[in-house]
Each structure stands twice: as C-alpha cells, then as structure tokens.
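For reference, the structure is listed below as structure tokens.
Order of appearance sets the numbers: ligands from 1, and atoms from 1 within every ligand.
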Amino acid sequence: MNPISDDLAEQIRAIREEVVMRTLAITLFAGGLLLVAILARNLNLGSSLSIVHPVLYLLLFVVYLLRRRIGAERIAWLMVILFYLTATGGLFVSGLVGNSVAIYMVFCFVSTTFFGVGGGVVAAVLSIGSFALVGILYVGGLVALTFDLSDFLRSPYSWLAALMSLGLTTWLVLSQVVSLNGRYMRLLADQHHLARHDSLTGLMNRVALESILEHTIAEAARGDLSVAVVLLDLDRFKNINDSLGHSAGDDLLIQVAGRLRGCVRESDIVARLSGDEFVVVLPRLSSPDVTAIGGKLAAALSAPYMIADRELRTTPSIGISICPRDAGDVETLIKFADTAMYAAKADGGAQFRYFSPEMNQQATDRLLVELRLREGMEHGLLTMHYQPKIDMTGRLTGLEALIRWEGEGGISMLPAQFIAIAEESGLIDEIGDWVIATVCRQLRTWLDDGIRPPRVAINLSARQLRQHNLAMGVARRLIEAAVAPDLLEFEITETAAMENADTAERRLGELSAMGVTLSIDDFGTGYSSLLNLRSLPLDALKIDHTFVRDIASDANDLAIARGTIALAHSLGLRVVAEGVETLEQWQLLRQHGCDEVQGFLIARPAPAEALADILVAGKVAVPA
Ligand code: C2E
Ligand code: MG
Ligand code: MG
C-alpha cells in the first residue's frame with residue numbers, strides 16, 4: 001500500500017471511531033431525556049418499560065464511562081447488540097414505536113459506519129424483520145402488547161418522550177451522515193489531488209499530465225489544431241543538488257515551477273514529470289510553430305535564481321514534439337519531446353530543439369549500441385590495450401589501459417563514443433569493474449612471468465566516481481589478483497572531478513588512502529582552474545592532446561602548456577603530455593620542463609602481449 005492510502009485508511013479509521021463515540025454520547029443524552037420523561041410520567045417500576053429502559057440506560061452509561069478503555073470497535077459491537085435488543089425488546093414490551101424506529105436507524109447507521117455496507121444491510125434486514133415479526137405476531141393475536149395505546153396517546157409525557165427521542169436520534173443520524181459524508185468527500189478529493197499533483201511544486205504529475213494530454217489531443221484533432229509538448233530539463237541540476245544540498249535543489253524546482261506557470265496561459269498545462277523534468281503542453285495551436293514560446297521559456301528559466309541568499313544560475317534543455325505532425329498519442333509525444341530534449345542537451349544545453357525523425361534514428365542507434373555493448377561484454381569482445389608513458393630519458397614510467405571493442409562483423413567503435421553511451425545507460429558500472437579486474441589480472445600475469453610492470457593507469461568515468469563502493473570494488477579486484485595498490489593509477493578527467501566536487505573528493509580520498517595514484521586527465525579542456533583541483537589528492541596532471549597538437553605552431557597553446565607545467569610543478573604535481581606525435585612537440589615539451597610524455601611518437605596503444613619487449617627493457621629509445 002502506498003503512503004497516501006495508508007494515511008487515508010488511518011483517517012477513515014479515526015472518523016469511524018469518532019462516529020461511534022459521538023453516537024454513544026448523543027444516545028446517552030437522548031436516552032437520559034427519555035428516562036426522565038418515563039420517570040415523570042409513571043414511577044411504577046413494575047411496568048416493563050420502566051424496568052427495561054433504566055437498566056439499558058445504566059448499561060449504556062457504564063459503557064460511556066469506560067468508553068476509552070473498551071475501545072471503539074467493541075463499543076460499536078455493544079451498541080449494535082444493545083440497540084437491537086432495546087428496539088426489539090421495546091417493541092415487544094412496550095410497542096413504543098417511535099423510539100424503536102429511531103433506535104433502529106441508529107442501529108443501522110452504526111453498523112454501516114463501523115462494519116461497512118455489509119453490516120448496514122444486515123442491520124436493516126434485522127430491523128425490518130423484527131418489525132415484520134412483531135407485526136405478524138400482533139396481528140395474528142399471538143402477542144398481546146402490554147402497552148395501552150389510548151393511555152399512551154393521552155399522556156403528554158409519553159408524547160414528549162417519544163418525540164424527543166425520535167427527534168434527537170433522527171437528528172443524530174442525519175448530522176452524522178452529513179458530517180461523515182463531507183469528510184469522506186474531502187478525503188477523497190485530497191487523495192485525488194495528491195495522486196495527480198506533485199507535492200513539491202503543486203504542479204500536475206505524470207499521471208494527471210497523461211490523462212489531460214489525451215483529452216487535449218482528442219479535442220485538437222476535432223478542431224484540426226496542433227498540440228505542442230514541451231519537455232524541459234535543467235542542465236547540471238544534479239550538481240546543484242550535490243553541491244548545495246537537497247533543500248536548495250527543492251527551492252530551485254519550486255521557483256522553476258513558478259516561472260513556468262508565469263510564462264504560459266491559464267489554459268496551458270504545466271506538469272513535473274520527475275526530478276528536474278517539466279512538461280508544458282500548449283493546446284489548440286493553429287500553427288505548429290512555438291519558437292516564440294520556446295525562447296520565452298528558455299529565457300525565463302535562465303534568469304538568475306535567489307536561493308538561500310545566494311544567486312544561482314541554471315539553463316534548461318528543451319525538446320518539443322508536435323501533435324499530429326510528429327505523433328498522435330501521448331506516450332510517443334512525450335518520448336519524442338524527450339529525444340529532442342536529449343539532442344538539445346547533447347549540443348551543450350541551454351537551447352531548445354524540435355523533434356525530428358533523424359533524432360529518433362540516433363536514439364535508436366544508441367539503444368542498439370547499448371545492446372551490442374552488453375552482448376560484447378558477455379561474449380568477451382571487449383579487450384584492453386596498453387600505451388606506454390616515458391620520462392624524458394626514455395625510462396618507462398607507466399602504461400595507460402585503454403579499452404577496445406571489437407564489434408561483431410568487424411564493426412568497431414571508438415572508446416570515446418561507446419564510453420559516452422555506456423555512461424548514459426549506466427552500463428559503465430559493469431564495464432568499469434571489468435576494466436579494473438582485467439588490468440589487475442594482467443598485472444598478475446606479468447608478475448607471474450617475472451616481468452616487473454610499471455604502474456598502469458585506468459580511466460575512471462564521472463559515473464564511476466559517484467559509486468559509493470568504488471574503493472571497495474578496487475580493493476576487491478586488487479586482492480583477487482594479489483596485486484599491490486601502488487601498481488594502479490586512476491585518471492579522472494577534469495570535468496568529472498569538478499562535476500560533483502564533494503563526492504569526487506571523497507572517492508578520490510578513499511582511493512588515495514589505499515595507496516593508489518591519481519591523476520587529472522585531459523587537463524585544459526574543462527573550465528576549472530588548477531587551483532580548484534588543489535584539494536584533491538593528485539599525483540599527476542595530463543595536458544590534453546589538443547594543446548599538445550598545436551604547441552609547435554600556436555603560441556597560445558605553447559603558453560598554456562608552459563603555464564600549466566609551471567603551476568602544476570608549484571603544486572607538486574608531475575606533468576604528462578598526451579598525444580605527442582612529432583619530434584618538435586617532444587623537444588618543446590622537454591624544453592619547458594614536462595616530466596613525461598605519451599603518444600604515437602613513443603608507442604601506440606597495443607595488446608599486452610605486444611608490450612613484452614618494452615616491459616622487459618623498462619625503456620624506450622628516446623626520439624633523436
Ligand atoms: P584518454 O584517457 O585521454 O586516452 C588517450 C587517448 O588518446 C586514447 O584514445 C589514445 O589512443 C589516444 N592517443 C594516444 N596517443 C595519441 C597520439 O599520439 N595522437 C592521438 N591523436 N591520439 C593519441 P582512445 O583509446 O580512443 O580513448 C579515448 C578516450 O576514451 C580516453 O581518452 C578515455 O577518456 C576513454 N577511455 C578509454 N578507455 C577507457 C576505459 O577503460 N574506461 C573509461 N572510463 N574510459 C576510457
Ligand atoms: Mg586517460
Ligand atoms: Mg586524455
């Protein structure tokens with residue numbers, strides 16, 4: 001059962017309990033009045049009415065005093081029995097019909113409230129049955145009622161008693177029915193609202209969106225109109241959540257919801273799909289061009305937010321699908337808007353895209369790659385290549401492990417491409433673990449072969465850095481292969497390290513504490529300054545090959561490389577240049593104090609078996 005219905009059940013139980021307690025109190029009051037009337041009219045306790053009523057009343061009174069201890073459920077049973085006996089007994093002995101009818105009503109009411117519709121039906125059948133039975137017995141002359149009708153009618157007290165008791169119990173029943181019904185309705189309305197709205201922002205949720213969108217589509221089709229489904233996702237929302245905390249994230253979402261509502265008309269639909277995903281539906285469009293509103297939404301969400309007294313910025317990636325141009329059903333429209341949103345995000349975010357069939361093709365292709373990759377892993381089509389790193393004297397300082405995927409039928413894909421897909425789909429968790437295990441096993445093989453391997457660097461993806469048990473996993477693989485941690489190094493890109501700085505710092509701290517070396521990869525491609533990375537337990541920094549590529553021809557790139565080397569050294573970091581392909585690059589790097597190089601000029605990535613010679617020699621001939 002979900003929390004909402006748990007809560008609802010609890011509330012219904014409380015209402016029922018209250019009904020029983022209130023019924024008990026009012027009955028006691030009404031019964032008391034009746035008792036007074038009886039006593040005032042006729043103190044002759046020999047009369048059956050005079051005996052039955054006070055006795056039952058006393059019983060009721062005791063129950064009332066002990067009501068909390070007895071509990072609502074048992075009282076409900078007691079009252080049902082008591083009322084039934086009172087009513088039936090009353091009929092038999094006194095025939096005080098008015099009183100009995102009222103009591104039967106209470107009887108049916110309590111039964112229904114507490115024991116459900118079934119209980120009410122049983123109570124009604126019993127009530128009507130009793131009446132019928134007494135009627136038949138009386139008419140058949142089998143029972144003589146001790147009650148003298150003419151005497152009863154003559155006495156004002158008996159009128160008073162009957163009317164009061166009838167009136168009060170009727171009022172009781174009606175008021176309870178009305179109040180209970182009102183509360184039930186409110187509860188149901190609340191539940192309906194909760195089930196269809198997002199509790200954080202008050203916007204509709206996916207369920208409500210889907211049902212309303214369905215109507216909107218049908219309505220638009222009748223009028224030959226279009227409907228636009230605009231899906232918005234905040235760029236880097238996860239970072240905000242991770243770095244500023246969930247309450248700041250919640251605040252942001254609430255403000256985003258408010259801005260979205262402010263941008264559109266009352267008749268437009270705004271919903272929150274999940275996390276930081278929102279949908280705006282623009283119904284009844286005469287033209288499928290919603291560029292203006294797309295731009296307006298993007299601008300509104302990109303303006304700065306004030307959250308916890310600090311200014312915060314985010315941008316949305318927006319995908320738009322149009323009905324009937326792109327699709328005619330809710331599910332496909334939302335899916336296509338999502339595909340378009342992903343395309344906008346892949347292009348750097350902060351923009352909007354209309355869905356196009358090519359995007360769909362790309363999305364399908366990605367899915368296919370994901371599927372193949374999964375199969376590839378299962379069928380051993382993933383392998384590792386290793387690329388040497390050397391210092392300026394030619395000494396082998398390390399190897400970088402680079403994954404290779406030999407797809408079936410000779411189709412292969414570059415790691416940069418399939419790693420990105422694996423990262424998006426979450427497959428990277430398994431692949432990453434496979435890489436670590438494979439490298440550890442390879443190290444063990446070299447050791448067993450009597451080769452002293454240098455440290456091997458493994459690339460870690462951003463998603464792996466978020467795994468809580470990353471260090472544990474690494475330790476397990478090291479232990480399995482009986483390999484020392486100082487033979488492993490991890491390369492983290494600058495972007496991954498900065499993306500969720502706190503988590504990254506914790507993970508890297510754990511790895512470093514194990515004795516594993518850490519370095520920053522692709523340095524210079526992100527936006528962080530080296531100073532931002534100061535708090536991380538790093539050993540080395542790898543200058544991205546895009547800077548190395550042009551150092552011989554571009555003075556700026558050379559300046560960046562020189563600056564980076566100097567700053568890294570001042571922070572006690574080794575500097576490795578990646579992608580060194582030419583002699584000129586090598587010479588410039590050596591001149592400017594670069595510690596190590598890696599690139600085609602030295603050696604290409606190769607399978608482990610092909611590296612035996614270099615490993616045994618422990619050095620590579622330095623380029624002349
Ligand atoms: P990276 O970590 O920066 O790896 C260096 C890339 O540069 C490798 O590409 C390597 O083959 C290439 N390279 C080496 N020397 C030269 C050169 O002289 N010139 C040029 N143009 N390129 C050179 P590769 O193997 O295609 O890998 C690309 C990226 O994929 C890697 O960049 C890394 O980010 C990622 N990657 C590779 N293997 C793994 C892995 O096992 N796990 C993860 N998470 N990522 C991996
Ligand atoms: Mg690398
Ligand atoms: Mg790199």
Look at the N, O or S atoms of T493, main chain and side chain alike, and state whether any lies under 2.8 Å from the Mg ion (ligand 2). no

Drop me the distance from I390's CD1 to L399's CG, to the nearest 0.5 angstrom. 12.0 Å

Classify the contact between H385 and ligand 1 as side chain, backbone, both or neither, using a heavy-atom distance cut-off of under 4.0 Å. neither

Purely on distance, is any nitrogen or oxygen of L460 under 3.5 Å from one on ligand 1? no

Evaluate the 4.0 Å heavy atom contact test for atom 2 (O) of ligand 1: does a protein atom fall under the cut-off? yes

Note: K542, heavy atoms under 4.0 Å from ligand 1, region reported as neither

Honestly, for R549 the part within reach of ligand 1 (heavy atoms, under 4.0 Å) is neither

Proximity of D521 to ligand 1 by residue part, where a heavy atom lies under 4.0 Å: side chain

Is it true that R206 and E210 make a salt bridge, defined as a side-chain N closer than 4.0 Å to a carboxylate O? yes

Pair E480 + R441, salt bridge at N-O below 4.0 Å: no

Q387 near ligand 1, heavy-atom distance under 4.0 Å? yes

Is the cationic atom of R259 (NZ for Lys, CZ for Arg) positioned less than 6.0 Å from the six-membered ring centroid of Y305 and within 45 degrees of its normal? yes

Per atom 28 (C) of ligand 1, closest listed option by heavy atom (P415, A462, G432): P415

Within rounding of 10°, what is the angle whose vertex is the Mg ion (ligand 3) and whose arms end at OE2 of E578 and OD1 of D521? 80°

Taking the six-membered ring for Trp, are F418 and W405 parallel (under 30°), tilted (30 to 60°) or perpendicular (over 60°)? perpendicular

Which atoms of ligand 1 are found less than 4.0 Å from any heavy atom of P605? 11 (O)

State whether any protein heavy atom lies less than 4.0 Å from atom 14 (C) of ligand 1. yes

How does H545 reach ligand 1, if at all, at less than 4.0 Å between non-hydrogen atoms: by side chain, backbone, both, or neither? neither

State whether E581 and R604 are salt-bridged, where the test is any N-O pair (Lys NZ or Arg NE/NH1/NH2 against Asp/Glu carboxylate O) under 4.0 Å. no

Atom 35 (C) of ligand 1 touched by protein (heavy atom, under 4.0 Å): no

Between Q598 and ligand 1, does any nitrogen or oxygen pair lie at a separation below 3.5 Å? no

List every atom of ligand 1 that sits less than 4.0 Å from any heavy atom of L402, numbering the atoms from 1 in the order shown and giving each element. 4 (O), 8 (C), 10 (C), 11 (O), 25 (O), 37 (C), 38 (N)

Non-neighbouring partners of R463 that pass salt bridge (Lys or Arg N to Asp or Glu O under 4.0 Å), sequence neighbours left out: D429

Atoms of ligand 1 under 4.0 Å from any heavy atom of V435, numbered from 1 in the order shown, are 41 (O)

Number the atoms of ligand 1 from 1 as they appear, then name those within less than 4.0 Å of a heavy atom of G579, with their elements. 16 (C), 17 (C), 18 (O), 19 (N)

Within a distance under 4.0 Å of any heavy atom of S461, pick out the atoms of ligand 1 and give their elements. 44 (N)

Go through ligand 1 atom by atom and flag the ones less than 4.0 Å from a non-hydrogen atom of E581. 17 (C), 18 (O), 19 (N), 20 (C), 21 (N)

To check your reading of the site, what angle at the Mg ion (ligand 2) do OE2 of E400 and OD1 of N459 form, to 10°? 90°

Among N459, L601, I436, the residue with a heavy atom nearest to atom 33 (C) of ligand 1 is N459

Considering only heavy atoms of E578, which atoms of ligand 1 have at least one such atom less than 4.0 Å away? 3 (O)

For R272, is there an ion pair with E277 - N to carboxylate O distance below 4.0 angstrom? no

Consider every N or O of F600 and every N or O of ligand 1, then say whether any pair is closer than 3.5 Å. yes

Can you confirm whether something in the protein, heavy atoms only, sits under 4.0 Å from atom 24 (P) of ligand 1? yes

